[in-house]
Amino acid sequence: MKAALLLLAAQGELAIDVNQLGFAPDAPKLAIARTPDAAPRDWRVEDAAGKTMLAGKTTPLPADPRAGGHQQAIDLSALTDPGKGYRIRIGDAASAAFAVAPQPYRVLASDALAFFYHQRAGTPILARHAGGAQWARPAAHVGERVTCFAGKDQRGNVWPGCGHTLDVTGGWYDAGDHGKYVVNGGIATWTLLNLHEWTAGAAFPDGAQSIPEAGNRVSDLLDEARYEVEFLLAMQVPQGTTMQLPVGQNDPAKKLTFTAVDAGGMAHHKVADERWTSIPMRPDRDPEARRLYPPSTAATLNLAAVAAQAARIWRTIDPAFAKKCLDAATSAWAAAQRNPQLFAVGDFTGSGGYGDRDVSDEAFWAAAELYATTGDPRFATAVDASPHAGRLGGEPSWASVAALGHATLAIGSDAQRRDRSRALIVEAADRFERERGDVAYRIPFAGERYVWGSTSNLLNRAMLLRMAQRWTGEARFGAAAGDALDYILGRNPMGTSYVSGHGERALQNPHHRFWARQADPAYPGPPPGALSGGPNNSNMGDPVAEKLKGKCAPQRCWVDDIGAFTMNEVAINWNAPLVWVATTADS
C-alpha cells in the first residue's frame with residue numbers, strides 16, 4: 001500500500017514548499033523540497049534584491065506515503081534578519097516569497113475573523129466593512145420567520161411538521177451554502193468565545209475589526225460571536241410544544257416512526273433551503289423555500305453549552321443578555337435530559353445532515369459549561385458521571401466535542417477537575433507532538449486518512465498544543481502548533497496556502513455560492529482569510545474529487561476548484577480554529 005501511494009506522486013518534480021506568510025525572527029523555520037530522487041541538493045535563500053542571505057544542503061527524509069515522492073528538509077532557522085520577498089532557490093526552482101517579521105500572523109488572524117462578518121445572514125454586507133465593493137451584498141433571508149418541514153424526505157419518511165413558527169433571522173451561513181446549523185454553529189461559536197476567555201479578553205478589543213458594532217465598548221470578538229449566539233437562542237422550541245418526532249432511532253436507512261414528545265426547550269437542528277441552490281447564487285437571490293428541521297438532542301446540548309458559556313462571559317458586560325442565555329441553557333439541558341435520544345436522522349435535500357449517533361460527549365460538554373458558569377453541584381455530578389470525564393477523545397470536531405468541555409474545565413473549574421482536564425489535554429498534546437517525527441512535512445498528524453475539513457482537524461490539534469505549551473512551559477508544543485500553521489500556509493506537497501489572500505500561491509476557488517468567480521466572472525473570488533477544507537482521501541463524493549480516487553497520496557488529494565465541495569469548501573467551524581491559532585501564535 002505504501003509503495004503504491006509513493007508511486008502516485010508526480011515524477012520528476014523539483015519544488016520548494018514553505019510557509020508563504022512568513023516567520024517571526026526567532027521562530028523555527030523549516031521548508032521542504034520535493035525532488036525527483038533522494039540526492040541532497042544545494043539551496044540558498046535570496047532576498048528581494050537577489051542577494052544570498054543563507055545557504056546549505058538539503059537533508060533527505062524517509063519516504064512518506066502521505067505525501068508521495070521524495071522530500072528533503074531545509075532548515076532556515078538561522079535566517080533572522082527581518083525582510084520581505086525572501087525566496088529559497090535550488091538551481092532554477094524557487095519557492096514562493098515569504099517574510100521574516102515580528103508578529104507575522106496579526107493580519108491573518110484579523111482576516112480569519114472577518115470571514116464571519118462575510119458569512120452573516122439577515123443583514124447587508126457593507127463595502128466599508130467587507131474590504132471592498134466586490135464583496136458587498138444586500139441583506140438576505142431577512143425577517144426569516146419559518147415553520148417546520150412537512151412532507152416526504154428523500155427516504156420516503158413523511159414528517160408531520162409542527163404548529164409553531166420562529167423568527168430565526170441572523171446568524172452565520174454555515175459554509176458554501178445558505179444553511180444555518182445549530183450543531184456546527186455551536187463549536188464555531190465556542191471556539192471564538194474560548195479565545196476571549198483564553199486571552200482574558202485581550203483578543204480583538206473594540207475597534208480592532210471593521211464591523212458595524214465597532215465602537216460599542218465591547219470586544220469585536222464578542223460582537224461577532226454574539227451575532228451567532230442570538231441566532232442559536234432563536235432556534236429553541238417554545239415551552240409547552242408537543243411534536244411528533246422519531247425517538248431512539250439512529251439509523252437513517254430504516255423507516256421512521258413518530259411519537260408525541262414534549263419538545264419545549266429543544267433546539268431545531270437547522271434552518272435551510274428545501275432544495276439545493278445552484279452555483280453561483282448570491283444569498284439575497286435565493287429562490288428556495290426555507291424551513292426549520294426537526295429538533296435533535298445534539299443541537300439542544302450544543303445550545304445548552306454555548307448559551308452557558310455566553311452567560312458567564314456577558315455576566316458583567318450585559319447582565320440581561322447573560323440571564324437570557326443562562327435561562328436558555330438550563331431549559332435546553334432539561335429538555336435534553338427529557339429527550340436524550342432524538343437523533344438527526346432525516347434525509348433532507350438542500351442541506352447537510354450533521355447526524356451524530358452518540359451524544360454523550362455533547363452532554364459532557366454542556367454539563368462542563370453549566371458547571372463552570374453556575375457552580376451548581378448537579379452539573380459537577382453530571383461531569384463526573386460521564387464516560388468522557390477521564391478521556392479526551394482526540395482533537396475536537398463538530399461530532400466529537402468532549403475536548404471542548406475539558407478545555408473549559410481546565411481554565412474555569414475547581415482544582416480537582418481543572419487538573420484532571422489539563423492532564424488529559426497535555427497527554428493528547430504530547431501524542432500529537434510526537435507524531436511529527438513520522439511525517440515528512442513535520443505536522444502533528446501521522447495518520448494516512450485525511451477527512452473532509454482536514455485542515456480544521458490539524459488546527460484544532462494546534463489549539464490543544466498551545467494550551468499544553470502554556471501549562472507546561474514546554475516549547476515543543478508551541479513548535480508543533482507552528483508546524484500546523486506552516487502546513488496550512490504552504491509547507492505542504494500542493495505548494496499552496498489553503499487560506500485565501502495569504503500567500504503568493506493561495507486558495508482561489510472555494511466551493512461557495514457567492515465567492516464564485518470561477519463559475520461566473522460577475523461574482524467575486526474569496527476575500528482574504530477563508531480556509532479551504534484541504535486534502536480529503538476518505539470522502540471523495542463530488543465529481544471533481546471522484547476523478548482523483550486511487551490516484552493521489554493523502555496530502556495531495558485536493559484541487560482548487562469550486563466544484564470540489566468535499567475538498568475545497570469553507571466553513572465556520574474550520575475558520576474558527578484558524579482565528580484561535582493565528583491569534584495566539586504571535587503571543
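What's counted below: heavy atoms across the whole structure, side chains too, no hydrogens, waters or symmetry copies.
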Next item on the list: Determine, step by step, whether Leu76 and Ile74 satisfy the side chain to side chain contact (heavy atoms under 4.5 Å, CB included) criterion, reporting the C-alpha distance in whole Å, the side-chain angles of both residues, the deciding distance to 0.1 Å, and the verdict.
Entry: CA-CA 6 Å; Leu76 308 171; Ile74 302 172; 3.6 Å; yes
_Any salt bridge linking Arg41 with Asp37? Criterion: basic side-chain nitrogen under 4.0 Å from a carboxylate oxygen._
yes
For His502 and Leu108, the nearest pair of non-hydrogen atoms, with its separation, is CE1-CA, 3.5 Å
For Pro104 and Leu21 the tightest heavy-atom approach is O-CD2, 3.5 Å
- Given side chain to side chain contact (heavy atoms under 4.5 Å, CB included), test Leu195 with Leu221 step by step and report yes or no. CA-CA 9 Å; Leu195 176 61; Leu221 181 63; 4.0 Å; yes
**Message:** Working note: Lys29 + Asp75, criterion salt bridge (Lys or Arg N to Asp or Glu O under 4.0 Å); need CA distance, chi angles, decisive distance, verdict.
**Reply:** CA-CA 6 Å; Lys29 304 174 187 68; Asp75 187 350; over 6 Å; no
Discussion item. Under a 4.0 Å threshold between the charged nitrogen and the carboxylate oxygen, would Arg87 count as salt-bridged to Asp47?
Written reply: no
>> Is it the case that the side chain of Ser532 and the backbone of Gly534 share a donor-acceptor pair, with hydrogens and angles ignored and the cut-off at 3.5 Å?
In response: yes
Counting C-beta onward and ignoring hydrogens, is there a side-chain heavy-atom pair between Thr58 and Ile90 closer than 4.5 Å? yes
Distance only, no hydrogens: is a donor on one side chain within 3.5 Å (strictly under) of an acceptor on the other, for Glu569 and Trp574? no
Gln134 side chain to Gly131 backbone, donor-acceptor under 3.5 Å: no
**Request:** Examine the side chains of Thr566 and Asp542 and answer whether a donor and an acceptor come within less than 3.5 Å of each other.
**Result:** yes
Subject >> Tyr105 and Thr584, any side-chain heavy atoms less than 4.5 Å apart >> reply: no
Under 6.0 Å from the ring centre and within 45 degrees of the ring axis: does the NZ or CZ of Arg470 meet both conditions for the six-membered ring of Trp198? yes
Closest non-hydrogen contact found for Ser110 with Gln209 is OG-OE1, 2.5 Å
Distance under 6.0 Å and angle within 45° of the ring axis: does Arg66 meet both against Tyr441? no
Q) Salt bridge between Asp42 and Lys57, side-chain N to carboxylate O under 4.0 Å? A) yes
task = Take the angle between the ring planes of Phe23 and Phe98 and call it parallel below 30°, perpendicular above 60°, tilted in between.
result = perpendicular
Exercise. Begin with the C-alpha distance, continue with both residues' side-chain angles, and end with the deciding distance and a verdict on side chain to side chain contact (heavy atoms under 4.5 Å, CB included) for Trp365 and Asn302.
Key: CA-CA 8 Å; Trp365 173 33; Asn302 269 260; 3.3 Å; yes
Exercise. Mind checking whether His118 and Trp135 have parallel, tilted or perpendicular rings, split at 30° and 60°?
Worked result: perpendicular
Rounding to 0.5 Å, atoms CG (Leu30) and CD1 (Ile32) come to a distance of 4.5 Å
Got a salt bridge between Glu433 and Arg442, using NZ or NE/NH1/NH2 to carboxylate O under 4.0 Å?
no
Donor-acceptor pair, side chain of Asn573 and main chain of Ile187, under 3.5 angstrom:
no
Between the CD1 atom in Ile572 and the CG atom in Asp174, the distance rounded to the nearest 0.5 Å is 5.0 Å
Problem set entry | Backbone N/O of Gly186 and side chain of Thr189: donor-acceptor pair under 3.5 Å | no
Is it true that Glu228 and Lys180 make a salt bridge, defined as a side-chain N closer than 4.0 Å to a carboxylate O?
no
Donor-acceptor under 3.5 Å (Asp520 side chain, Pro280 main chain): no
Closest non-hydrogen atoms of Asp220 and Gly207, given as atom of the first, atom of the second and distance, are OD2-N, 3.0 Å
Original post:
Looking only at atom types and distance, does a side-chain atom of Ser454 sit under 3.5 Å from a main-chain N or O of Asn536, one as donor and one as acceptor?
Top reply: no
**Study point:** Val499 vs Leu507, side chain to side chain contact (heavy atoms under 4.5 Å, CB included): CA-CA, chis, key distance, verdict
**Key:** CA-CA 6 Å; Val499 184; Leu507 168 69; over 6 Å; no
Taking every heavy atom of Gly355 against every heavy atom of Trp398, the minimum-distance pair comes out as O-CH2, 3.3 Å
Side-chain ion pair, Arg513 and Asp177, N-O less than 4.0 Å:
no
Are Arg89 and Glu46 ion-paired here, with the side-chain N under 4.0 Å from a carboxylate O? yes
- Quick check: does any side chain N or O of Asn460 sit under 3.5 Å from a backbone N or O of Pro396, one acting as donor and the other as acceptor? yes
query: Just wondering, do Met540 and Cys557 contact through their side chains at under 4.5 Å, heavy atoms?
result: yes
Which word best sums up how the rings of Tyr487 and Tyr498 line up, parallel for under 30°, tilted for 30 to 60°, or perpendicular for over 60°? tilted
Practice prompt. Indicate whether any N or O donor in one side chain lies under 3.5 Å from an N or O acceptor in the other, for Asn509 and Asp561.
Written response: no
Practice item. Verify whether one side chain among Thr35 and His70 offers a donor that lies under 3.5 Å from an acceptor in the other. Key: no
Rounding to 0.5 Å, atoms NE2 (His388) and CZ (Arg391) come to a distance of 5.0 Å
One should read off an interatomic distance between Gln71 CD and Asp64 CG, to the nearest 0.5 angstrom, of 6.0 Å
Whether Glu427 and Arg420 form a salt bridge (side-chain N of Lys/Arg under 4.0 Å from carboxylate O of Asp/Glu) is what I want to check. no
Practice item. Answer yes or no: does atom CZ of Arg44 have more than 12 heavy-atom neighbours from other residues, nucleotides or ligands under 6.0 Å? Key: yes
- Below 4.5 Å, heavy atoms only, C-beta onward: do His178 and Pro283 meet side chain to side chain? yes
CG (Leu489) and CG (Asn19) are apart, to the nearest 0.5 Å, by 4.5 Å
Exactly one of Leu192, Leu459, Asn194 clears side chain to side chain contact (heavy atoms under 4.5 Å, CB included) with Pro577, and that residue is Leu459
- Hey, would you say the Tyr354 and Tyr181 ring centroids sit under 6.0 Å apart? yes
_Mutual orientation of the aromatic rings belonging to Trp172 and Phe116 [parallel < 30°, tilted 30-60°, perpendicular > 60°]_ = tilted
**Prompt:** With a 4.5 Å heavy-atom cut-off, do Asn457 and Val451 have their side chains touching?
**Reply:** yes
For Asn492 and Asp17, test the side chains for any donor-to-acceptor distance below 3.5 angstrom and give the result as yes or no.
no
Practice item. Would you check if the distance from the ring center of Tyr450 to the ring center of Phe445 is below 6.0 Å? Key: yes
To the nearest 0.5 Å, atom CG of Asp361 lies from atom OG of Ser397 at 8.5 Å
query: Got a donor-acceptor contact below 3.5 angstrom from the Asn537 side chain to the Glu448 backbone?
result: yes
- Hey, is the main chain of Gln20 close enough, under 3.5 Å, to the side chain of Ser497 for a donor-acceptor pair? no
Taking every heavy atom of Leu464 against every heavy atom of Ala429, the minimum-distance pair comes out as O-CB, 4.1 Å
Worksheet item: Is any side-chain heavy atom of Ser413 less than 4.5 Å from a side-chain heavy atom of Thr408?
Response: no
**Message:** Tell me whether Glu395 is salt-bridged to Arg431, with the criterion being a basic N under 4.0 Å from an acidic carboxylate O.
**Reply:** no
(request) Using atom types as modelled and distance alone, determine if a side-chain donor or acceptor of Gln72 lies under 3.5 Å from a backbone N or O of Ala39. (result) yes
| task | Determine, for Arg476 against Asp430, whether the closest basic-nitrogen to carboxylate-oxygen distance falls under 4.0 angstrom. | result | yes
